[in-house]
Protein chains: 2
Amino acid sequence: MDDRKKSASTLKDVANAAGVSLGTASKVLAGAASVSEARQRQVWEAARKLGYRRNSLAAELRSCRSTSIGFVVPDLTNSFFIELVCALEDHALESGYRLILAHAQEDPEREAERIRFVLSRQVAGMIIIPCHGYEHAISELRECDVPLVMADRVDNSFPANTVTTDSHRAAMDGTAHLIALGHRRITFIVNALDLVNSRERAQGYQDAMQRAGLAQHANVVVCGMSDTESHATTLGVLAARERPTALFTGANVATLGALRAIRDAGLQLPDDISLLSFDDAPWMSVLRPGISSIRQPAEAIARGIWHLLHKQLQGESPEIVHLRMRADLRVRDSTGPVRNGEWGEAARAAAARPL
Amino acid sequence: MDDRKKSASTLKDVANAAGVSLGTASKVLAGAASVSEARQRQVWEAARKLGYRRNSLAAELRSCRSTSIGFVVPDLTNSFFIELVCALEDHALESGYRLILAHAQEDPEREAERIRFVLSRQVAGMIIIPCHGYEHAISELRECDVPLVMADRVDNSFPANTVTTDSHRAAMDGTAHLIALGHRRITFIVNALDLVNSRERAQGYQDAMQRAGLAQHANVVVCGMSDTESHATTLGVLAARERPTALFTGANVATLGALRAIRDAGLQLPDDISLLSFDDAPWMSVLRPGISSIRQPAEAIARGIWHLLHKQLQGESPEIVHLRMRADLRVRDSTGPVRNGEWGEAARAAAARPL
DNA sequence: CTGAAAGCGCTAACAC
DNA sequence: GTGTTAGCGCTTTCAG
């Protein structure tokens, strides 16, 4: 709360100082060529001298056009989302738009508020990566025909343009990698099953296990949305009488918690246990052992999002498109062959069976 | 660019539907008690039915007050800044404000643009963590009396409220830790010396070396603002004939690059070389070896920033305040005693000398 | 308590 | 080319 009318000079001031009319000043500052060079100079000079700064609230209100795009992100702590932010900022800038970032902090209520906030600022378009339990938040968008692209945590049933990773397939690939290494007791640790993509990841894992005849070993554990929860959960998993030989973490938080738990349990990666992480991060390739991960194609996703949004901004294509991207496996050092000593006969037999 | 006048219902629509005047509707929606309950109900009902959403551009334009705070951040890739973002969002929300995040991506030009953008949206206040070479960007703020707090990459000479970490002291502490472990050949790797805080950190390191009689071993290496640069730089450092026994990285990027270089060089942490990182990150405590680091008190800094900003928002205290926070050392596993075999006689003698 | 009316700073017709 | 004018959607006096 603060009125600062004291100093801010307005277009009127500039026009007066330049000795032209308000309309002319407006045109000049908007870059119109239809004003004589002499006056253009006068106006620019006056603006400079007065330290004039356009009030874009007024400009946008009057013209009913905005060059801002609202981007609602659930978690700035996740480097995948940050990559998206950076890439999208570049795309937006290139097309003459600006991003207004809104951070939901994985809280559906806050997300709803963020959406309301962004919408009330009359953005030209929106990009949303929802939190879990976002139905309520999304209902903020009803009866609102802002160009919209949803990403990552949505599926193809969503009645809007979406860009997602094929999580099911990626999780199958990851699981197959682990199985090929001889692992049978593979536990999948996931943040929350009410996130569509996490559910897909878990499903991909289960399908891969089943396809390998390992359905009886399939074990999906939900670890929550925080480090501490996932740490505690993984500690529990590791303390089981039949400890898994491999962990597949289905999300950023899960990986952090699992890693800390593995460390606390005094286990070595990959000799005592293997770990595969869904979602890559810069630090994963920097230490020894490097963490094997599934990397989502952030750049491609951002490009897809912007493509879909931009088309709408230009008034094109009202039909809904669902883009689906392929993630790839980055095998590093945290996934290794299972230790023979740990295999029972049944596991050995299963290993012999073709996948 | 998009006019969507088609559906968006305005306050006038609501007033008409509720059968009251525009002014009354405005008052009700603003929460005024001075309207009869019956009419209040009517207005709310009409607003609900029409899916009314306030146009805050218009509201703020008219009332000359905003509840948005611009926060210009140089690098969302750095978890320290992310911590600041999260904490500040909470503070702002608690006081009824909202953050508008603007990402400068370590680019002074983009930073200038971001500042202009935020300012043109008539924010009530600003928080800025500058990039290097920010002088130009900052000049955007001239003749502009928005409440302002600068943080992190500024020093006490800045003519505005600032909140910073005592980098000099923290770097001295870190260096002393390394020296106490017997290290003599300690190299300080820093992103850029035109960042005030990096400069302070380097200075702290040098002062500590000097104080320990190790001035001849002091070596500050600049590694640039990107992973790849810092990786290459560190590789060079490690290839020197007299390889340092410890690295002290003065920034986030430097740590990442150094770690990758150490890995590529086939060196073990901390047996072959020790590493201390200025700036902590969640992943540093999750793997083995844990990375010893200097942790800036992000929460306290955020609190300080908000405190200073909030005072200004309430029109208090025009005198400038400089808050300075203390960082602490988190000793983990990446810093260990120097290997005896590597010591020459001179080093041995230096080690015997009290610090 | 309620409505009418005057703008916030700016853009976009529209006349001259 | 240039100035005048009518609002964008809203808040806020100010009469009644």
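Just so it is clear: chains get the letters A, B, ... in the order the sequence lines come, proteins before strands, and each one is counted from 1.
Taken residue by residue, residues 25-44 of chain A places heavy atoms nearer than 4.0 Å to DNA chain D at A:K27, A:S34, A:V35, A:S36, A:R39.
Heavy-atom distances to DNA chain C give each of B:G19 and B:R62 a nearest nucleotide, and the one nearer the 5′ end belongs to B:G19. Mapped onto DNA chain D by nearest heavy atom, B:T24 and A:L22 fall at different nucleotides, with A:L22 at the one closer to the 5' end. Along DNA chain D, the nucleotide closest to B:G23 and the one closest to B:A58 are compared, and the more 5′ of them pairs with B:A58.
If you measure from atom CZ of B:R121 to atom P of C:dG9, you get 17 Å, rounded to the nearest angstrom. With rounding to whole Å, A:E60 atom CD is found 13 Å from C:dC10 atom P. In this structure, B:L11 atom CG and D:dG9 atom P are separated by 11 Å, rounded to whole Å. Protein atom CG of B:N55 is 13 Å distant from nucleotide atom C1' of C:dC8, rounded to whole Å. Whole-Å rounding puts the A:K12 NZ to C:dC8 P distance at 6 Å. We find that CG of A:D13 is positioned 13 Å from C1' of C:dC10, with the value rounded to whole Å. Look at CZ on B:R54: it is 20 Å from P on C:dC8, rounded to the nearest Å. Rounded to an integer number of Å, the gap from CG of B:L61 to C1' of D:dT11 is 10 Å.
For B:H310, the ring pair (Phe, Tyr, Trp, His ring centres under 6.0 Å) partners two or more places apart in sequence, or in a different chain, are B:W306.
With respect to A:R41 and A:E37, a salt bridge is recorded, a charged nitrogen being found less than 4.0 Å from a carboxylate O. Between A:R121 and B:E60 there is a salt bridge, since a side-chain N of the basic residue sits under 4.0 Å from a carboxylate O of the acidic one. Ion pairing between B:R110 and A:D90 holds under the 4.0 Å rule for side-chain N and carboxylate O.
When all heavy atoms are compared, the tightest approach of B:L148 to B:A160 is CD2-CB, 4.1 Å.
In this structure, B:T10 does not reach the D:dG9 phosphate: none of its side-chain N or O atoms is under 4.0 Å from OP1 or OP2.
Axis deviation across the helix from C:dC1-D:dG16 to C:dC16-D:dG1 amounts to 40°, comparing end segments of five pairs, rounded to 10 degrees.
Proximity of a side-chain donor or acceptor of B:E111 to a complementary backbone N or O of B:A104 within less than 3.5 Å is not detected. Judged purely by atom type and a 3.5 angstrom limit, A:T162 has no side-chain atom pairing as donor or acceptor with the backbone of A:F158. With hydrogens and angles disregarded, no donor-acceptor distance shorter than 3.5 Å links the side chain of A:S95 to the backbone of A:Y97.
Ranking C:dA4, D:dT4, D:dT12 by closeness to the B:R65 side chain, first place goes to D:dT12.
One finds the CG atom of B:L57 at 7.5 Å from the OG atom of A:S56 (value rounded to the nearest 0.5 Å).
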